[in-house]
Colleague: 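Quick one: the structure is below, and I'll ask about it shortly.
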There are 2 protein chains.
Amino acid sequence: MDTLLKTLADEKRREILRLVWSEELGATEIAQHFPNVTRTAISQQLSLMKRVGLLNERRAGTHRFYRAQHREVLRVQQFLNGYWSDSLQRLKELAEAIEKGEVTA
Amino acid sequence: MDTLLKTLADEKRREILRLVWSEELGATEIAQHFPNVTRTAISQQLSLMKRVGLLNERRAGTHRFYRAQHREVLRVQQFLNGYWSDSLQRLKELAEAIEKGEVTA
DNA sequence: GTCATATGTTAGCATTTTCTAACGTAAGGA
DNA sequence: TCCTTACGTTAGAAAATGCTAACATATGAC
């Protein structure tokens, strides 16, 4: 779990995750979203994220398409929501608050 | 937010947070829960956690008592729950699943 | 086979993190 | 005042992280 949380504790990686949240993208395409970082760096992040289970890889010819592994993100959310004692109560309150539009989802 | 998440991405710090979640403890007392780490290391973690807002400090004579700042943890939970697009739907499902006992809170 | 495209891998460096050991400080009791 | 207790701070070493540059591999087009 530490590894997963640590991986999410980085804006760049969260941005990658959002890019491939609902559509799969190739490594080059993903890298192009980050003008200030090398393709190499992104490639390393992708393989890290794949290793911890946050990304899924599909190979097709010379391409490799990545997409988010929603289940793992949900695992982290559940973990954090449940880690501290009275969090069930707060989770329910949060869900209600979101429904009422009191906080932003 | 990165800083907060990163701080939580460490089992030792999460353990500290749990120790002072519902009662305040002194630094020495906290350190005694970690036989394998120096008091100095714990002291540094405490001041880090205080800096990022996860802990609150109350001084009394020669003692310094720490306690968890629930609000900041809630902020992280909200952030993660809300960060990805369809998470509201999943949050609601999660809350229901927890109520039905299908997953562990 | 030859070349271009898409992508991973490796080596090396800089930065950050975390820990220990030694030292500093402040409050309270004898 | 002197000593103890409870802590923090600093310096320095060790390990982890993230990035760039250079090189390797594999697929497909011609």
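Keep in mind that the numbers below use all heavy atoms, side chains included, and drop hydrogens, waters and symmetry copies. Residue numbers start from 1 in every chain, and the chains themselves are labelled A, B, ... in the order their sequence lines are given, proteins ahead of strands.
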Colleague: Using a cut-off of less than 4.0 Å, is there contact between a side-chain N or O of A:R59 and OP1 or OP2 of C:dA6?
Modeller: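 Answer is no, no contact under 4.0 Å.
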
Colleague: Looking only at side-chain N and O atoms, does A:Y66 come under 4.0 Å of OP1 or OP2 in C:dG8?
Modeller: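 The answer is yes; a side-chain N or O of A:Y66 sits under 4.0 Å from OP1 or OP2.
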
Colleague: Rounded to the nearest angstrom, tell me the gap between atom CZ in A:F34 and atom C1' in D:dC19.
Modeller: 14 Å

Colleague: Please give, in whole Å, the distance from C:dG8 P to A:L55 CG?
Modeller: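 Going from A:L55 (CG) to C:dG8 (P), I get 11 Å.
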
Colleague: Side-chain N or O of B:R64 versus OP1/OP2 of C:dA26: is the shortest distance under 4.0 Å?
Modeller: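 B:R64 to C:dA26 OP1/OP2: no side-chain N or O under 4.0 Å.
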
Colleague: Could you please name the option among C:dT18, D:dG18, D:dG8 that lies closest to any side-chain atom of A:Q45?
Modeller: D:dG18

Colleague: Can you figure out which of C:dT18, D:dT9, D:dG18 approaches the side chain of A:L48 most closely?
Modeller: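 Nearest listed nucleotide: D:dG18.
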
Colleague: Could you tell me how far apart B:E29 (CD) and D:dT5 (C1') are, to the nearest whole angstrom?
Modeller: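 Atom CD in B:E29 sits about 14 Å away from atom C1' in D:dT5.
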
Colleague: On the side chain of B:R39, is there an atom forming a donor-acceptor pair with the base of D:dG8 - under 3.5 Å, no angle test?
Modeller: yes

Colleague: Provide, to the nearest angstrom, the distance between the CG atom belonging to B:L46 and the C1' atom belonging to D:dA6.
Modeller: 13 Å

Colleague: State the CD-CD1 distance between A:E29 and A:I42, to the nearest 0.5 angstrom.
Modeller: 13.5 Å

Colleague: Between atom CE of A:M1 and atom CG of A:L80, what is the distance when rounded to the nearest 0.5 Å?
Modeller: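 CG of A:L80 is found 7.5 Å from CE of A:M1.
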
Colleague: Side-chain N or O of B:T38 less than 4.0 angstrom from OP1 or OP2 on C:dC19?
Modeller: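 Negative; the distance criterion is not met.
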
Colleague: Is the phosphate of D:dC19 approached by A:T40 (side-chain N or O, under 4.0 Å from OP1 or OP2)?
Modeller: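 It does not, given that no N or O in the side chain of A:T40 lies less than 4.0 Å from OP1 or OP2 of D:dC19.
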
Colleague: Using the closest heavy atom to pick a nucleotide of DNA chain D for each, name whichever of A:G61 or A:R13 lands nearer the 5' end.
Modeller: A:R13

Colleague: Would you please test A:R14 and B:D2 for salt bridge (Lys or Arg N to Asp or Glu O under 4.0 Å) and show each step?
Modeller: CA-CA 10 Å; A:R14 286 196 304 272; B:D2 274 34; 2.5 Å; yes

Colleague: Identify whether any heavy atom of A:K12 sits under 4.0 Å from a base atom; if not, whether one sits that close to sugar-phosphate; answer base, sugar-phosphate or nothing.
Modeller: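 The residue A:K12 makes sugar-phosphate contact but no base contact.
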
Colleague: Please report, rounded to the nearest Å, how far the P atom of C:dT17 is from the CG atom of B:D10.
Modeller: 12 Å

Colleague: Taking all atoms of both residues into account, what is the closest heavy-atom pair of B:F65 and B:G26, and its distance?
Modeller: CD2-N, 3.7 Å

Colleague: Given B:N56, which of B:Q69, B:H70, B:R71 fulfils the side-chain hydrogen bond (donor to acceptor under 3.5 Å, both in side chains) condition?
Modeller: B:Q69

Colleague: OP1 or OP2 of C:dT16 versus the side-chain N and O atoms of B:K6: is any pair under 4.0 Å?
Modeller: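 B:K6 to C:dT16 OP1/OP2: no side-chain N or O under 4.0 Å.
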
Colleague: In whole Å, I'd like the distance from the CD1 atom of B:I30 to the C1' atom of D:dA6.
Modeller: 13 Å

Colleague: Closest to the A:Q44 side chain: D:dC7, C:dA11, D:dT10?
Modeller: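 Output: C:dA11.
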
Colleague: Rounding to a whole Å, what distance do you find between A:M49:CE and C:dG8:P?
Modeller: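 So the two atoms are 13 Å apart, to the nearest Å.
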
Colleague: Starting at NE2 of B:H63 and ending at C1' of C:dG28, how long is that distance when rounded to a whole Å?
Modeller: 11 Å

Colleague: Assess whether a salt bridge exists between A:R58 and A:E24, defined as any Lys/Arg side-chain N lying under 4.0 Å from an Asp/Glu carboxylate O.
Modeller: yes

Colleague: From the set D:dT20, C:dG8, D:dT27, return the single nucleotide nearest to any side-chain atom of A:A41.
Modeller: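 Among D:dT20, C:dG8, D:dT27, the one nearest the side chain of A:A41 is D:dT20.
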
Colleague: D:dC7, OP1 or OP2 - any side-chain N/O from B:T28 closer than 4.0 Å?
Modeller: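 Yes, because at least one side-chain N or O of B:T28 sits under 4.0 Å from OP1 or OP2 of D:dC7.
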
